[in-house]
There are 2 protein chains.
Amino acid sequence: MTKITTCEVDTALDLITGKWKHSILLLLINGESLRFSELKRALPKISQKILTAQLRDLEEQEVIVRTVYPEVPPRVDYQLSEYGKTLIPVLEAMNEWGIRHAEKMRTR
Amino acid sequence: MTKITTCEVDTALDLITGKWKHSILLLLINGESLRFSELKRALPKISQKILTAQLRDLEEQEVIVRTVYPEVPPRVDYQLSEYGKTLIPVLEAMNEWGIRHAEKMRTR
DNA sequence: TGGTATAGTTACTTAAAAGATACTAATGAA
DNA sequence: TTCATTAGTATCTTTTAAGTAACTATACCA
């Protein structure tokens, strides 16, 4: 077994943490490709500024792909990159743990 | 496949995020049981206040166990609970992803 | 009598993340 | 000519997380 190191875990955490990033990722996992406005609608409480910032972060890490269509009004869509898909097992592990944890907290 | 939900992922994230929590967890995974002062030494830049706060959080979620020995000077040690050990696969998934990500970023 | 050790607490400050609100460019449609 | 649409920016404010520094209790040891 490879030893788990703080540093490598940090790297993965950076991509998932923040109030919104993992929600964005999950939408893109489940919904294929989504426009800016669709993400905004799916996360009604996020502000445009924050949504933009988070998307830019994810794009910079090459986890999502941003496609601009030269139309008016503008159209931009976001999808998980092939690379981003490698995050799915990580989110799955967290999801499974979360389900068990919720159950545990419910029955105590 | 179970659908990954924001809410369950959130639960797991809460336990791992913050500047120090996952480092504390990793120390306890690798080092069995550690005293407050040992954790402090292992994380030289954390303040006592924050270390206490993070440990209390983890204890409240039943992820770690706090044992007080009625001695003077006081002795308190912390260890992963059986339940806490169920987090190991989650950290492992993140660790593996982190290693691959580091490699990718290095070779681009 | 004063110093040392451990595991904290308390009160205050700073930095980082997030939020609110108003604004823009370009085009077509009424 | 004005309005609607989309994907943003720019500025300012608030909230949350983290950090700093000083203080405490208790017993032992010199």
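So you know, we letter chains A, B, ... as the sequences are listed, proteins then strands, and number each from 1.
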Could you state the atom-to-atom distance from [atom1] of [X] to [atom2] of [N] in whole Å?
X: L43(B); N: dA18(D); atom1: CG; atom2: P; value: 13 Å
X: R75(B); N: dA27(D); atom1: CZ; atom2: C1'; value: 16 Å
X: R41(A); N: dT6(D); atom1: CZ; atom2: C1'; value: 10 Å
X: I24(A); N: dA18(C); atom1: CD1; atom2: C1'; value: 13 Å
X: I50(B); N: dT14(C); atom1: CD1; atom2: C1'; value: 12 Å
X: L51(A); N: dG8(D); atom1: CG; atom2: P; value: 8 Å
X: F36(B); N: dA7(C); atom1: CZ; atom2: P; value: 7 Å
X: E59(B); N: dA7(C); atom1: CD; atom2: P; value: 15 Å

> Is the shortest side-chain N to carboxylate O distance from E38(B) to R41(B) below 4.0 Å?
Replying inline: no
Consider the side chain of [X], meaning its heavy atoms from C-beta on, and name the nucleotide among [options] that approaches it most closely.
X: V76(B); options: dT27(C), dG8(D), dG8(C); answer: dG8(C)
X: R35(B); options: dA7(C), dA7(D), dT9(C); answer: dA7(C)
X: S47(B); options: dG8(D), dT20(D), dG8(C); answer: dT20(D)
X: K49(A); options: dA10(D), dT9(C), dA27(D); answer: dA10(D)
X: R56(A); options: dG19(C), dG8(D), dT9(C); answer: dG8(D)
X: P74(A); options: dA7(D), dA18(D), dA7(C); answer: dA7(D)
X: S37(B); options: dA5(C), dA7(C), dG8(D); answer: dA7(C)
X: Q54(A); options: dT5(D), dT26(D), dA18(C); answer: dA18(C)

>> Nearest heavy atom decides the nucleotide; on that basis, is L55(A) or V72(A) closer to the 5' end of DNA chain D?
In response: V72(A)
Would you tell me if any nitrogen or oxygen in the side chain of [X] comes within less than 4.0 Å of OP1 or OP2 on [N]?
X: R66(B); N: dA7(C); value: no
X: Y78(A); N: dG8(D); value: yes
X: K40(A); N: dT6(D); value: no

>> I'd like to know if the side chain of N95(B) and the backbone of E8(A) have a donor-acceptor N/O pair within less than 3.5 Å.
In response: no
>> If you compare all heavy atoms of I24(A) against all heavy atoms of Q54(A), which two are closest, and at what distance to 0.1 Å?
In response: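 In this case the closest contact between I24(A) and Q54(A) is CD1-CB, 3.7 Å.
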>> Could you walk me through whether D77(A) and L34(A) satisfy the side chain to side chain contact (heavy atoms under 4.5 Å, CB included) test, starting with their C-alpha distance in whole Å, then the side-chain angles of each, then the deciding distance to 0.1 Å, before giving a yes or no?
In response: CA-CA 5 Å; D77(A) 75 29; L34(A) 292 171; over 6 Å; no
>> Can you confirm whether I16(B) sits close enough to M94(B) that some side-chain heavy atom of one is under 4.5 Å from a side-chain heavy atom of the other?
In response: yes
